[in-house]
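All figures in this text were calculated on a predicted structure; none of them were measured in a lab. All values below were derived from every heavy atom in this structure, side-chain atoms included, with hydrogens, water molecules and symmetry-related copies excluded.
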Amino acid sequence: MKAAVGDRLVVHSTHEGDARRVGVIVALRHDDGTPPYVVRWLDDEHETLVFPGPDAHVEHPEPRTPR
């Protein structure tokens, strides 16, 4: 798993009925983009150091096209 600042980390629930968590990666601990990541969760704005497991994936923002 590799990420950059500004990417989203999505963690899917392992229990049926629980919501997935989505956060924005705000800092990297390694220059090569490997975990752990500092993530600001969108639901409560709390920042945590995350070591993503197999239930998580990174979403890269779509590049903006100039107008």
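Note: the hydrophobic cluster containing L28 also contains V58 (ILVMFWY, side chain heavy atoms under 4.5 Å, direct or indirect links).
The structure places CG of L42 at 9.5 Å from CZ of R21, a figure rounded to the nearest 0.5 Å.
Residue pairs meeting the salt bridge (Lys or Arg N to Asp or Glu O under 4.0 Å) criterion with at least one member in residues 47-61, sequence neighbours excluded: R40-E47.
Residues L49 and P36 come closest through the heavy atom pair CD1-CB, 3.7 Å. Of all non-hydrogen atoms in M1 and A56, the two that sit nearest each other are CE-O, 3.4 Å. When every heavy atom of A3 is checked against every heavy atom of I25, the shortest pair comes out as CB-CD1, 3.4 Å.
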Return a table of donor-acceptor pairs under 3.5 angstrom between the side chains of residues 4-11 and protein atoms on other chains or two or more places apart.
from, atom 1, to, atom 2, distance (Å)
D7, OD2, A4, N, 2.8
D7, OD2, H60, ND1, 2.8

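Heavy-atom neighbours of D32 CG from other residues, nucleotides or ligands within 6.0 Å: above the threshold of 12.
Contact of the V22 side chain with the W41 side chain is not registered, since no non-hydrogen atoms from C-beta on lie closer than 4.5 Å.
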